[in-house]
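None of these values were measured; they are calculated from a predicted model.
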Amino acid sequence: MNLNQIKNKNIKSLIKKLSKFQSFDDAPRDLRDNLLMELRFAVLIVPAYDVNEDTFKIKYFKLTENFDNFHVYTDLSEFKKNKSKDFTPMNYELLDFENIIYFTIANLIINDAYEIPMSRIWDSISKENSNRYFFEEYSHDYSLEDTLNLIKSFNNEKLICYLNERKSIQSYDALFHVLNKSVVFADIQVIGQSDSILLSHEVESYYCISEDNCIVTYTDLESFNEDYFAVVDWLELILFVIRYQLNGIKIKTAGHEIKLSRNQLVKHFDRICQSIYEYNYTNTFRYIFKVEDYVNGRKIKLER
């Protein structure tokens, strides 16, 4: 991600609210949980030195007698307020670093202004590592043939009925109970390709983002706006929306549309994980299909 694209507006907004309380632990639980969830998946900026193509070192403490704090920044402007030209801004995700480093740190300092005990951060990271373990160990890794069979045999009648009866989602548990037994699709923009079946890691491809900064998904094979589509892997899609700070996900039936806001996806993320890991379509996004080959009679061919 380009450094200029890193904004973390939600984190800055939450810090403003949390700063009204004497400490992080004194704040209301919902505010604390929301910030920890945002930090769990955020792309942040850290001051680094000795940066080259192969290695880097992170200067994770201030040049003072206190070496216990890890300083991160929500965006490039916040970084530039406090850091000298001796440091290079580098994008950073808390989940990527070695565990032993965090054990030596007392506090996470955001924008040189807001302090969170590192133990709270570590608890949140441990929960995500646990989620990853469950998905890696228990999810079914869909092959091309598995994914084609989903496209050939899906039945979304219950999902369509459920969505058409609602203006908004009140129970995410109930929604994902229905979604787990359904197959939903997403537009994929593909650059410079024409084959019927593509592997996403081999081509230049992107989720299509609507004008209101959402990813639109469909319950049928007749509503696409692009030439290619993929079967939605809900965990992958939700993580994408959270990490890249989109406004949410829309699910469209032939005559109706429901929006799942990013804020609600963040709020319910752990429960969503618990509800879908057994049924999750793990890695179906690795396969991209040409729309015209499947909308008419669901023509299924194992061409790769």
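- Between Ile272 and Gln274 there is no side-chain heavy-atom pair separated by less than 4.5 Å.
- Hydrophobic clustering keeps Tyr206 apart from Leu246 (ILVMFWY residues linked when any side-chain heavy atoms are closer than 4.5 Å, directly or through intermediates).
- Counting Ile, Leu, Val, Met, Phe, Trp and Tyr side chains that sit under 4.5 Å apart, directly or through other members, Ile109 stands alone, with no cluster partners.
- Each of Asn180, Val184, Val183 was compared with Leu159 under the side-chain contact (heavy atoms from CB on, under 4.5 Å) criterion, and only Val184 meets it.
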| request: Could you give me the CA-CA distance, side-chain angles and deciding distance for Ile249 and Cys214, then say whether side chain to side chain contact (heavy atoms under 4.5 Å, CB included) is met? | output: CA-CA 5 Å; Ile249 300 169; Cys214 291; over 6 Å; no

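- Screening residues 175-186 for salt bridge (charged side-chain N to carboxylate O under 4.0 Å, His left out), with sequence neighbours left out, gives no hits.
- Asp212 pairs by the salt bridge (Lys or Arg N to Asp or Glu O under 4.0 Å) definition with Lys250, not counting sequence neighbours.
- The pair Arg286-Glu202 does not count as a salt bridge, with every side-chain nitrogen at least 4.0 angstrom from each carboxylate oxygen.
- With contacts defined as side-chain heavy-atom distances shorter than 4.5 Å, the pair Ile45/Met90 does not qualify.
- With 3.5 Å as the limit, one finds no donor-acceptor pair spanning the side chains of Tyr172 and Gln170.
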Residues 11-22, side-chain donor-acceptor partners within the protein, below 3.5 Å, at least two apart:
residue: Lys12; atom: NZ; partner: Asp75; partner atom: OD2; Å: 3.2
residue: Lys12; atom: NZ; partner: Glu78; partner atom: OE2; Å: 3.3
residue: Ser19; atom: OG; partner: Ile15; partner atom: O; Å: 2.7

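- Minimum heavy-atom separation, Ile215 to Ile209: CG1-CG1, 4.4 Å.
- Side-chain contact between Leu108 and Tyr114 is absent, with no heavy atoms from C-beta onward closer than 4.5 Å.
- Asp220 is linked by a salt bridge (Lys or Arg N to Asp or Glu O under 4.0 Å) to nothing, counting only residues two or more places apart in sequence or in another chain.
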| query | Would Asn247 and Lys259 satisfy side chain to side chain contact (heavy atoms under 4.5 Å, CB included), going step by step from the backbone distance to the final call? | reply | CA-CA 9 Å; Asn247 288 340; Lys259 179 180 177 180; 4.1 Å; yes

| request: I would like to know whether Phe224 and Phe229 meet ring pair (Phe, Tyr, Trp, His ring centres under 6.0 Å); could you show each step before the answer? | output: CA-CA 8 Å; Phe224 297 108; Phe229 72 95; 4.9 Å; yes

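- Considering only residues two or more places apart in sequence or on other chains, Asp25 meets the salt bridge (Lys or Arg N to Asp or Glu O under 4.0 Å) condition with Arg120.
- The aromatic ring centroids of Phe70 and Tyr92 lie less than 6.0 Å from each other.
- The closest donor-acceptor contact from the side chain of Asn107 to the backbone of Glu115 lies at 3.5 Å or more, if one exists at all.
- When atom types are taken as modelled, the side chain of Lys167 and the backbone of Asn164 share no donor-acceptor pair closer than 3.5 angstrom.
- Of the inter-residue distances, the one linking Ser205 atom OG with Ile288 atom CD1 reads 3.5 Å to the nearest 0.5 angstrom.
- Evaluation of the side chain to side chain donor-acceptor pair (under 3.5 Å) rule for Ser194 yields no partner, not counting sequence neighbours.
- A donor atom on one side chain and an acceptor atom on the other are found under 3.5 Å apart for Asn225 and Tyr218.
- The aromatic ring centroids of Phe87 and Phe79 lie 6.0 Å or more from each other.
- Scanning both residues, Asn149 and Ser153, for their nearest heavy atoms gives O-OG, 2.6 Å.
- When every heavy atom of Arg40 is checked against every heavy atom of Ser124, the shortest pair comes out as NE-OG, 3.3 Å.
- With rounding to the nearest 0.5 Å, the separation of CG in Leu36 from CZ in Phe41 is 11.5 Å.
- When hydrophobic side chains of Ile, Leu, Val, Met, Phe, Trp and Tyr are connected at separations under 4.5 Å, Ile160 ends up as a singleton with no cluster partners.
- Looking only at side-chain heavy atoms (C-beta outward), Ile105 and Asn69 stay at 4.5 Å or farther from each other.
- Residues Asn91 and Leu44 are not in side-chain contact: their nearest non-hydrogen atoms beyond the backbone lie 4.5 Å or more apart.
- For the pair Leu76/Pro89, a side-chain contact is recorded, criterion being any heavy-atom separation below 4.5 Å from C-beta on.
- The two atoms that bring Phe176 and Ser275 nearest to each other are CB-OG, 3.7 Å, heavy atoms only.
- With rounding to the nearest 0.5 angstrom, the CG atom of Leu175 is 10.5 Å from the NE2 atom of His268.
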| task | Might you work through the side chain to side chain contact (heavy atoms under 4.5 Å, CB included) test for Ile6 and Leu3, ending with a clear yes or no? | result | CA-CA 5 Å; Ile6 300 174; Leu3 290 175; 4.0 Å; yes

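- Here the straight-line distance linking atom CZ of Arg262 with atom CD1 of Ile242 works out to 6.5 Å at 0.5 Å rounding.
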| request: List the steps, then state whether side chain to side chain contact (heavy atoms under 4.5 Å, CB included) holds for Phe185 with Leu221. | output: CA-CA 8 Å; Phe185 309 96; Leu221 284 168; 4.0 Å; yes

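- No salt bridge links Lys290 with Asp227; every basic N to acidic carboxylate O contact stays at or beyond 4.0 Å.
- For the pair Leu260 and Ile238, the minimum side-chain heavy-atom distance is 4.5 Å or more.
- With rounding to the nearest 0.5 Å, the separation of CG in Asn263 from CG in Asn10 is 6.0 Å.
- Using a distance-only test at 3.5 Å, with no hydrogens or angles considered, no donor-acceptor pair links the side chain of Asn34 to the main chain of Lys267.
- For Asp146, the side chain to side chain donor-acceptor pair (under 3.5 Å) test picks out His140, Ser143, with sequence neighbours left out.
- Between Gln245 and Glu38, the shortest heavy-atom contact is NE2-OE1, 4.2 Å.
- Judged purely by distance below 3.5 Å, without hydrogens or angles, the side chains of Asp293 and Ser196 pair a donor atom with an acceptor atom.
- Taking the six-membered ring for Trp and the full ring otherwise, Tyr287 and Tyr142 have centroids separated by 6.0 Å or more.
- Looking only at distances, no side-chain donor or acceptor of Thr147 sits under 3.5 Å from a matching main-chain atom of Thr284.
- Residues passing the side-chain contact (heavy atoms from CB on, under 4.5 Å) test with Ala113: none are found, sequence neighbours excluded.
- In the model, Thr74 has a side-chain atom that pairs as donor or acceptor with a side-chain atom of Asn111 under 3.5 Å.
- For the atom pair CG of Leu39 and CD1 of Ile116, the computed distance is 5.0 Å after rounding to the nearest 0.5 Å.
- A 4.5 Å side-chain heavy-atom check between Asp112 and Tyr73 finds at least one atom pair inside the cut-off.
- Annotation: side-chain contact (heavy atoms from CB on, under 4.5 Å) contacts of Gln193 (sequence neighbours excluded): Val190, Leu198, Val203, Tyr228.
- The ring-ring contact (aromatic ring centres under 6.0 Å, His included) check on Tyr207 picks up Phe240, Phe285, with sequence neighbours excluded.
- The shortest non-hydrogen separation linking Thr219 to Leu163 is CG2-CD1, 4.2 Å.
- Without hydrogens or angle criteria, Arg166 side chain to Ile258 main chain gives no donor-acceptor distance under 3.5 Å.
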